[in-house]
There are 2 protein chains.
Amino acid sequence: MAKRTVAQVLAEATGHLSADAITGAVQERQPDVSPSTIYRILEEFEELGIIVHAHLGQGAAVFHLAGAVHGHLTCEICKRTFEIPSTYFDDLSRDLLESYGFELDRHHVALSGTCARCRALESAPSG
Amino acid sequence: MAKRTVAQVLAEATGHLSADAITGAVQERQPDVSPSTIYRILEEFEELGIIVHAHLGQGAAVFHLAGAVHGHLTCEICKRTFEIPSTYFDDLSRDLLESYGFELDRHHVALSGTCARCRALESAPSG
DNA sequence: ATAAGTGCAAATCGTTTGCGTAGGC
DNA sequence: GCCTACGCAAACGATTTGCACTTAT
């Protein structure tokens, strides 16, 4: 049962795993698990509320156990991503709820922008 | 020159247009313009700073003339999107800059969450 | 025998790329 | 002749789906 192995991989993971990374980790223990099976299991786990996924950039979604929800920043230039405490969203979240009745999901999509390093490189051309 | 027609379509558009919608609108005036040409032109316009694109959900990106930058909300349930004034991001933007040196891009990706209507439907099941 | 779990290949969607060609200079 | 602007078809990456098979119960 691949389901159990997927659960173990997710439980042991420290950070965010793409479906592809999960497939790789599972295949180290069960070589013949196919990507479609992984996607099906992830979908089921998500419906059960065990895991969540987030979109950090243009690429593949990442998955991790539900629980401590945090925000994400993605640099549009270097594509690195950063985790931020979800408290940064407290005020915005309240404002959006008051103005639009919109309930913000703090972790599902990363905020886009330019990281400190890339901002420095932009202002100092040949560095 | 398809470039001129694309520019007209973008200038006349009120809201956000997907590449596919732009292709359709252009083809009403020049039937044989191919999608790849549209993408190439959009890429050039974006490099020139004439237009910007945003990701509003899981689907296709949307394009519009650069200028008044606003934020976007996308409902994860009904997939509708809403524009919000970029001032909503002022505080968060300042905080991220102070804490991480991260410069927020307010329009590039939509904030994800649940809209008022879908929240109401969730709490009132058979409505 | 029935339902659930799965592998594989093909399909999908948005977007990009390679290649060859037509026109402007 | 060379460069730009294309059209077309194929490639692409992430994900989904159809279908046949195997396994538990």
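Side chains included, hydrogens not; waters and symmetry mates left out as well; all remaining heavy atoms used.
Regarding contacts with the backbone of C/dT6, every side-chain N or O of A/S34 stays at 4.0 angstrom or more from both OP1 and OP2. Phosphate proximity of C/dT16 to B/Y39: absent, as no side-chain N or O sits under 4.0 Å from OP1 or OP2.
Using a 4.0 Å heavy-atom criterion, one finds that A/S36 contacts the bases of the nucleic acid, with or without backbone contacts as well. Note on B/D32: only backbone sugar-phosphate atoms sit closer than 4.0 angstrom, heavy atoms only; bases stay farther off.
Atom-to-atom, CD1 of B/I41 to P of C/dT15 comes out at 16 Å; the value is rounded to the nearest Å. Put simply, CD1 on A/I38 is 15 Å from C1' on C/dC8, counting in whole angstrom units. To the nearest angstrom, P of C/dG14 lies 15 Å from NE2 of B/H53. B/M1 has its CE atom 9 Å from the P atom of C/dG24, to the nearest Å. With rounding to whole Å, A/R40 atom CZ is found 9 Å from C/dT6 atom P. Separating the CD atom of B/E43 from the P atom of C/dT15 is a distance of 12 Å, rounded to the nearest angstrom.
Inspection of the B/S99 and A/Y88 side chains reveals an N or O donor paired with an N or O acceptor under 3.5 Å. Counted by atom type alone, A/E103 and B/T114 present zero donor-acceptor pairs between their side chains at under 3.5 Å.
With salt bridges taken as basic N to acidic carboxylate O contacts below 4.0 Å, none links A/R106 and A/E83. Taking a cutoff of 4.0 Å between a charged side-chain nitrogen and a carboxylate oxygen, B/R29 and B/E12 qualify as a salt bridge.
Interface limits on DNA chain D: the 5'-most and 3'-most nucleotides within less than 4.0 Å of chain A heavy atoms are D/dA14 to D/dG18.
In this structure, the side chain of A/S123 engages the main chain of A/A120 through a donor-acceptor pair within 3.5 Å.
Remark: aromatic rings of A/H64 and A/H53 are distant, center separation not under 6.0 Å.
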